[in-house]
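Just passing along the structure, written as C-alpha cells.
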Amino acid sequence: MNRTAIGVVAAGVFLAGCASSTSSSSSALQPGSTGVLTGSTVVFAAASLKPTFTELAKQFEAAHPGVKVVLSFGGSDTLAAQIKQGAPVDVFAAANNTTMQTVVSSDDAKSPVNFAKNVLEIAVAPGNPNGIKTLADVAKPGLKLALCAKTVPCGSAAQKAFAAAGIDAKPVTYEQDVTSVLTKVELGEADAGLVYRTDVKAAAGKVVGVDFAEADKAVNTYPIAQVGTGKNPNAGKAFEAFVLSPSGQAVLHAAGFEPDA
Amino acid sequence: MTLLEQKPLPAKTSRPPYVLFVLAALGIAFLVLPLVGLLARAPWRSAPSLLGRADVTTALRLSLETATISTAFALVLGVPIAWCLARTRLPARSLLRALCALPLVLPPVAGGIALLLAYGRRGVVGEWLLRAFGVSLPFTTAGVVVAETFVAMPFLIVAVEGALRALDVRYDAAAASLGASRWFTFRHVTLPLVAPGVAAGAVLCWARALGEFGATITFAGSYPGTTQTMPLQVYLALQDDPQAAIVLSLLLLAVSIAVLVGLRDRWWSR
Amino acid sequence: MSVTDVEPALLEARLAVSRAGWDLDVDLRIAPGGVTALLGPNGAGKSTTIQALAGLLRISDGRVVLEGDVLDDTRAGVHRPAEERRVGLVFQDYLLFPHMSARDNVAFGLRAHGMPRARAREAADRWLARMDLAAHAARRPKEMSGGQAQRVALARALATEPRLLLLDEPLAALDAGTRMSVRTDLRTHLDEFSGATVVVTHDPLDALVLADHVVVIEGGRVVQAGTPTEIARQPRTRYVASLMGLNLLRGVARQSGVVLEDGTTLTAVDDYDGPVFVVLRPSAIGVYGGQPHGSPRNSWPARITSVEQQGHAVRLAAKGPPDVFVDVTPQAVAELGLTVGSSVWLTVKATDLVVYEC
C-alpha cells in the first residue's frame with residue numbers, strides 16, 4: 001500500500017520536474033496567474049473521497065488542459081504520516097480535523113478550510129421493512145444492528161450519536177469498515193447499520209438511508225489545505241479553489257456530502 | 001551402483017548441493033524475518049498489562065475453542081471426503097476434488113460472502129434453517145465455527161487423501177478376506193494406518209482455523225465474546241493501536257506454537 | 001482328474017472373467033483336504049482366478065459353490081462379497097497389518113466376526129503356538145523374518161476357519177535358503193487342513209511338493225490338469241515342459257517313426273498312430289563334434305545358439321531341426337570346445353524318447 005502510494009508520488013514528482021523545466025519561463029514570468037497553469041500537481045485525499053475527487057480532478061483537468069492532477073488515496077493518518085516524512089504534496093484533503101491538525105502543527109500545511117461534511121445515516125434494506133424512523137428504533141430488541149468497530153471513524157461517530165441520544169445500542173457485530181456494514185445490510189443479515197450518507201448513496205438501489213436527528217452530534221468534517229512540500233503550489237491552489245467553488249461543491253453534494261455551513 | 005560405493009553415501013546425501021543450501025537459507029530468512037520484526041518492535045513493557053486484559057483473554061479463549069471445534073468437525077466430515085476422493089471411482093472425482101479445494105484458493109472474504117449466501121438469514125439453506133429451526137448462524141459463535149471449518153477443512157482433506165493414496169489398498173482386500181466388514185476395516189486398518197496423515201492434516205487445519213480472519217468477520221461478524229476471535233482483535237487493534245496489534249499477534253503465535261509442540265510430543269513421538 | 005470326479009467336491013467352480021483383449025475361463029473341482037496348484041506363466045490368469053474365488057473380483061460368468069454354499073452364480077445374480085465367504089487368503093507379500101502385533105494380526109479375523117478381544121487373542125496365541133511362533137506373538141511384522149511373517153499370514157488366514165484356503169505365490173517372497181524349509185512346513189500345515197486349498201505358483205517345485213493336483217493355466221485357459229507325476233512326466237505344452245526342464249516336440253506317429261512338425265523324423269520304440277507329443281530329456285541327448293558312426297538312429301546336425309551354466313551341468317540351446325536343449329558336463333564343453341556358433345551332431349536313443357498321444 002505504502003509502496004504504491006510512494007511510487008505514485010515519485011512519478012508525480014518526476015513529471016512535475018520535467019514540466020517545470022520545460023515551461024519554467026512562462027510560469028516564472030506570470031506568477032500567481034491562474035489562467036496559464038502547467039505541470040503536475042499532487043493531491044493526497046482520504047479514501048472516502050476517492051469517487052468525488054476522481055471526478056473533481058477530471059473536471060479540473062478539462063478546465064486547465066496544461067495540468068495533470070496526480071491523486072493518491074489512503075487512510076488520512078497514513079497520508080499525513082507520509083507528508084510529515086517529506087512526500088512532495090501540493091494539496092491534502094483529510095477525513096477529519098484531528099489528522100489535519102497534525103500536519104498543520106508540523107508546519108507542513110497551513111490554514112485548512114472545511115470543504116464538506118458527512119453525516120451518519122441508518123442504512124436499511126430497500127422498502128425499510130422494519131419501519132425504522134429514529135435512532136431509537138435500531139436499538140429495539142430482536143433487531144439486528146451492525147456497527148463499525150469503535151476504532152474506525154464510522155464506529156466512533158456512531159458511538160457519539162448513541163451517546164448523544166442516550167441510547168444503549170446492542171449491535172450484533174462491530175465490523176472492520178463501512179463496506180462490511182453495508183454488505184451485512186445488503187445481504188439481509190443485519191436489519192440496520194450506521195454508515196455515512198455518502199456510503200448509502202454509493203450503494204444506491206441495494207440499501208436506503210434513514211436520516212436521524214442525532215446525526216448532527218456526530219458530523220464528520222473534511223478539511224482541505226495546501227501543503228508546503230509540493231512543487232506546484234499554483235496548480236495546487238487552483239485545485240483547492242476548484243473544490244470550494246460552486247461546481248466543485250455540486251460534485252460533492254451529488255455524492256451525499258453536505259457543504260460545511 | 002555397487003555395495004562398496006553405497007557405504008559412504010548417507011553422509012554425502014545429508015549435505016545439500018550448494019544451490020539448494022543457499023536457496024533454503026534465503027527461504028528460511030524470508031519466513032523468519034517477519035517474526036523477528038514482530039519481536040524487535042514489540043512494546044515489551046506494556047505487554048503484560050495488555051495480555052491481562054479481559055477482552056484479550058476472552059478473544060484468545062474464543063479462538064482456541066472455535067479452532068478446536070472446527071477441527072473436530074473437519075475430521076468428522078473431511079476424513080470421509082478424503083476417503084471418497086482417494087478410494088472411489090466417482091465419475092466427477094477430479095471436479096469434486098477441485099470443489100473441495102476451493103476454499104484454499106478463494107479469498108477468505110469471498111468465502112465469507114459465499115457462506116452468507118448459503119447459510120445466512122436470507123441464504124439458500126439459511127432461510128430454511130431459520131424457518132424450520134429458528135437457527136441463524138451469522139453473528140453467533142456457531143457461525144465462527146462454520147467459517148473456520150469451511151476455510152480450514154481443505155487442508156485436512158488434502159493431507160488425508162494423500163495419506164490414503166499412499167496406502168496399499170490391498171490391506172482392505174486382506175481385511176475383507178478375513179471377514180471384516182468395510183466399516184470394521186476402516187476403523188481397525190485404514191484409519192490407524194493413515195493416522196500420521198490425519199494428525200498432520202488436523203494440525204494444519206487447526207492452525208489455519210486459529211488464524212482465520214476474512215471468512216469469519218464476513219460471515220460471523222465481530223462481537224466481543226461471541227464472534228471476535230484473536231485475528232479480528234489484532235486487525236481492529238491495528239486501526240488505533242498498532243503496538244497492541246503486535247503484542248496480540250505474538251500472543252497468538254506463542255499459543256499456537258505451544259499447543260503444536262505439546263501435541264507433537266504426545267501424538268507423534270513414536 | 002479321475003480321482004476328483006469320484007470324490008464329492010468341496011469346491012466346485014467355473015469362472016469366466018472377460019476384460020478388454022483378455023479373458024479367463026477356468027474350471028476347478030477340489031475335494032475336502034485337497035490341494036490344487038495353479039501353475040502358469042505371468043499373466044496367465046492365476047491371480048485373477050484366486051481373486052475371483054476370494055470374492056475380491058466379480059466374475060463375468062460362471063458359478064462358484066463352496067461346501068454347498070453358492071458364492072457366485074451369474075445366472076442367478078448371486079455374488080457374495082469377500083467378507084461373507086469362508087475363504088482365507090494368503091498374499092504373496094503377506095500384507096500383515098503393520099500397525100498390529102503378530103497376535104493381533106491373527107486375532108483380527110476373529111474380532112471382525114465379533115469375538116471379544118481377550119478370547120480372540122487367546123485363540124490367536126494357540127494358532128501362533130502351532131506355527132512355532134509363540135515367542136514372537138508381540139512382535140510387529142517389520143520385526144519378523146520372511147519365513148515368520150509367512151507363517152503369521154497363514155495363521156491369520158486359518159484362524160477364521162475357512163473352508164477354502166488361497167495361497168498366492170506363498171514362497172515367492174522368500175530367499176532360496178529359507179524357501180526349502182518353509183515349503184516343507186507349509187506342506188505339514190496343509191496336510192492338517194480339512195478344507196480345500198488352492199496354491200498359485202509359477203515354481204514347479206512348489207506345485208509338485210505342495211499339491212495333489214496341478215492345473216496349468218496359459219492365456220486364461222486350462223491347458224493341462226493332473227497329478228504332479230502326470231504333469232512332470234507328460235507335459236502337454238512347451239511352457240510346462242520347460243518348467244520341468246524337458247524338450248517337448250509335437251508330431252505325427254506312423255508305426256515306430258514320428259514325423260515332427262519341422263519335417264524331420266525320429267525313431268521311437270512305442271507304437272502309436274496319429275498326433276503325439278515327444279519328450280526328450282536334455283541329459284539324454286548326446287553331443288558329438290562330427291557325424292557319429294555306428295548305431296544311433298536318431299542323429300542330426302545342429303548349431304549351438306547359447307551356452308549356460310546351470311548348477312553342475314551346462315545347458316546348450318541347439319538349433320536343428322529339431323531345436324532342443326541339451327545338458328552336458330563342463331568337461332564335455334571343454335573337450336569339444338563348445339561355444340555359441342559351434343556346429344555339432346546330436347543323438348538320442350529311441351528308448352529315451354517318451355511318446356504319448358496329444
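Below, chains carry the letters A, B, ... as their sequence lines are ordered, and counting in each starts from 1. Just so you know, these numbers come straight off a predicted model, no measurement behind them.
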Open item on the list: Shorter than 4.5 Å, heavy atoms on both sides: which option in C/His99, C/Glu84, C/Arg86, C/Gln51 has the most such pairs with chain B?
Closed with: C/His99
Open item on the list: Taking CZ in B/Phe73 as the centre, count heavy atoms belonging to other residues, nucleotides or ligands within less than 6.0 Å. Is the count above 12?
Closed with: no
TODO: Would you please go through residues 102-125 of chain C and name the residues with a non-hydrogen atom below 4.5 Å from one of chain B, in numerical order?
DONE: C/Phe108, C/Gly109, C/Arg111, C/Ala112, C/His113
Task: Close contacts, residues 146-168 of chain C versus chain B, judged by heavy atoms under 4.5 Å - done: C/Arg156, C/Ala157, C/Thr160
- [ ] Check whether C/Leu56 gets within reach of chain B through its side chain, its backbone, both or neither, counting any heavy atom under 4.5 Å.
- [x] side chain
- [ ] Name, in order of residue number, those residues of residues 155-177 of chain B that have a heavy atom at a distance of less than 4.5 Å from a heavy atom in chain C; otherwise write 'none'.
- [x] B/Asp168, B/Arg170, B/Tyr171, B/Ala173, B/Ala174, B/Ala175, B/Ala176, B/Ser177
Open item on the list: According to ring-ring contact (aromatic ring centres under 6.0 Å, His included), who are the partners of B/Phe133, at least two apart in sequence or on a separate chain?
Closed with: B/Trp128
